[in-house]
Amino acid sequence: MSVLIIAEQQQSCLDEATLSAVSAGLQLGEVDILVAGHNVAEIAIQAQQIDGVRKVLLADATVYAHALAETLAPLVVQLADSYSHIVAAATSFGKNLLPRVAALLDCAPVSDVTSIVDTQTFIHPIYAGNVLQTVRSQQSKQLLTIRTTAFALAELTGGQAVIEHIAPVAVPQLSRFIDLQLTESEHPELTTAKIVISGGRGLGSAENFAALLNPLADTLNAAIGASRAAVDADYAPNDYQVGQTGKIVAPDLYIAIGISGAIQHLAGMKDSKVIVAINKDADAPIFKVADYGLVADLHTAVPELIQQIKAI
Ligand code: FAD
């Protein structure tokens, strides 16, 4: 079996999600990585350091500058013949690219894989994580996106991989890049943070959300997340949303503040190692998944918690 991993990049660095994709790939066969972009030689060198990688395919051209699915898909399709599996992380990037590649190859992709049974059999959650489905694919080529929190990060202790330059392929001129707007945050990135503090509708306002959660996140060097109700009420930006239709996180510590614990929210955080909930309603469903629960008014509990942590 030979596996092509599509590398993902963030601000001129290899994204950690790629390391999880490599871990998954190594369970399937020999792993090559595609690094496509503009001025990405440095990223190819980072990819070369990943333990177990056989070859880094480097497609360095202006056409790949903005990692657009429309331009990358024909490149992946051209390489596809040599691989039994094509794997990307189930991030916005992977979820955008892989279905396009799958359509061009006339394959059915398996999305959000959390476990690999064998080279044709994969487990992934459906119905907001309420059911784990085992899929056996009879296709000659498997296209997978993998849930990054389900696979360990591959080690960066390699350095044996060969870097092979590949030429860009012709792309249809149907779309063009206009602008990229990134949210700037002083806090760690939500999907990779070790600690996540999430706020819900119980915060009551955008002012409370910022005034209570920012100092707590600063104290713990945590990322900030939110429930959909908090996002819909404009307490927090869209990209803070955790859950079925938001981001999937599995940090060491997840603190849910003023969040009821709807099934769609749990779908995004229930794999967190330790879950703490602060809610004034003792019957809130969040307490069913919480390792530690505090039945209290968040307006008094959160400042007290910050004070106690600072005193340690
Ligand atoms: P609520 O359910 O209103 O809970 C607020 C909580 O705050 C309550 O438990 C209350 O007791 C507590 N509270 C209030 N005041 C205080 C106080 N002073 N001190 C302490 N506690 C207090 N939701 C998501 O989060 N993520 C998703 O990705 C998502 N996707 C969805 C997809 C679909 C198709 C659908 C239908 C829904 C989705 N939802 C999602 C919405 C979800 O069903 C819930 O509506 C939402 O999660 C509720 O958010 P919440 O817990 O902040 O609000």
Side-chain angles (χ1 to χ4, degrees), residues 6-21 66-69 88-99 111-112 125 128-129 145-150 177-218 220-272 275 286:
I6 319 289
E8 190 166 337
Q9 30 189 300
Q10 285 286 343
Q11 288 151 9
S12 312
C13 284
L14 192 70
D15 193 287
E16 264 195 3
T18 308
L19 303 182
S20 299
H66 304 294
L68 301 180
T91 54
S92 306
F93 169 78
K95 287 192 274 190
N96 190 19
L97 176 61
L98 247 280
S111 58
D112 217 10
T145 59
I146 59 100
R147 184 174 284 196
T148 54
T149 53
F177 174 81
I178 294 180
D179 190 21
L180 173 68
Q181 294 180 2
L182 288 175
T183 310
E184 286 184 16
S185 169
E186 292 154 9
H187 298 115
E189 208 276 315
L190 188 53
T191 53
T192 51
K194 299 259 177 277
I195 304 177
V196 173
I197 317 282
S198 270
R201 186 161 23 210
L203 267 303
S205 70
E207 291 70 31
N208 286 343
F209 192 97
L212 290 168
L213 299 201
N214 280 339
L216 183 56
D218 291 343
L220 294 168
N221 188 29
I224 300 184
S227 70
R228 175 153 145 187
V231 169
D232 287 349
D234 277 338
Y235 299 174
N238 239 330
D239 58 348
Y240 278 31
Q241 186 177 317
V242 171
Q244 181 191 340
T245 43
K247 292 185 174 154
I248 309 286
V249 302
D252 292 342
L253 174 62
Y254 187 89
I255 307 182
I257 300 173
I259 292 179
S260 59
I263 195 105
Q264 296 89 354
H265 186 79
L266 302 186
M269 45 63 76
K270 66 177 164 36
D271 291 332
S272 304
I275 298 172
I286 191 77

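Residue numbers count from 1 along this sequence.
For the side chain to side chain donor-acceptor pair (under 3.5 Å) test, residues two or more places apart in sequence or in another chain that qualify with Q181 are D179. Qualifying side-chain contact (heavy atoms from CB on, under 4.5 Å) partners for S185, counting only residues two or more places apart in sequence or in other chains: H187. Judged as a side chain to side chain donor-acceptor pair (under 3.5 Å), and not counting sequence neighbours, Y235 has no contacts. Partners of I263 according to the side-chain contact (heavy atoms from CB on, under 4.5 Å) rule, which considers only residues two or more places apart in sequence or in another chain, are N130. With sequence neighbours excluded, no residue satisfies side chain to side chain donor-acceptor pair (under 3.5 Å) with D271. By the side-chain contact (heavy atoms from CB on, under 4.5 Å) test, D15 is found to be paired with E8, Q10, A17, T18, residues two or more places apart in sequence or in another chain being considered. By the side chain to side chain donor-acceptor pair (under 3.5 Å) test, T149 pairs with no residue at all, sequence neighbours left out. Considering only residues two or more places apart in sequence or on other chains, P125 meets the side-chain contact (heavy atoms from CB on, under 4.5 Å) condition with D112, T114, L132, R147.
Looking at T91 and N96, their side chains never come closer than 4.5 Å, going by heavy atoms from C-beta outward. Within the 4.5 Å cutoff, no side-chain heavy atoms of V231 are placed close to those of P237. Put simply, the side chain of I248 does not reach to within 4.5 Å of the side chain of T191, judged on heavy atoms.
Rounded to the nearest 0.5 Å, atoms CD1 (I197) and CG (L212) are 11.5 Å apart. The distance from atom CG of L97 to atom OG1 of T145, rounded to the nearest 0.5 Å, is 10.5 Å. For the atom pair I275 CD1 and I286 CD1, the distance stands at 6.5 Å (nearest 0.5 Å). Atom-to-atom distance recorded for S198:OG and I259:CD1 is 4.5 Å, nearest 0.5 angstrom. The line from CG of N214 to CZ of F209 is 8.5 Å long, rounded to the nearest 0.5 Å.
Side-chain atoms of H265 come within 3.5 Å of backbone N or O of V242 as a donor-acceptor pair. Using a distance-only test at 3.5 Å, with no hydrogens or angles considered, a donor-acceptor pair links the side chain of S227 to the main chain of A230.
Closest non-hydrogen pair, P251 versus S272, comes out as CD-OG, 3.2 Å. Here the closest non-hydrogen pair linking A7 and F93 is O-CE2, 3.7 Å. Taking each heavy atom of P188 and A222 in turn, the nearest pair found is CD-O, 3.3 Å.
With hydrogens and angles left out, the side-chain atoms of E16 and S20 include no donor and acceptor closer than 3.5 Å.
A side chain to side chain contact (heavy atoms under 4.5 Å, CB included) with V196 is found for exactly one of L220, I255, L190, namely L190.
Under the salt bridge (charged side-chain N to carboxylate O under 4.0 Å, His left out) criterion, no residue pair touches residues 204-216, with sequence neighbours excluded. For the salt bridge (charged side-chain N to carboxylate O under 4.0 Å, His left out) condition, the pairs that include at least one residue of residues 232-254, sequence neighbours left out, are R228-D232, D252-K273.
Taking the six-membered ring where the residue is Trp, F177 and H66 present parallel rings, their angle staying beneath 30° rather than reaching 60°.
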I195 and N221: side chain to side chain contact (heavy atoms under 4.5 Å, CB included), yes or no, with the steps?
CA-CA 7 Å; I195 304 177; N221 188 29; over 6 Å; no

Between T245 and Q264, is the side chain to side chain contact (heavy atoms under 4.5 Å, CB included) condition met? List the steps.
CA-CA 8 Å; T245 43; Q264 296 89 354; 6.0 Å; no

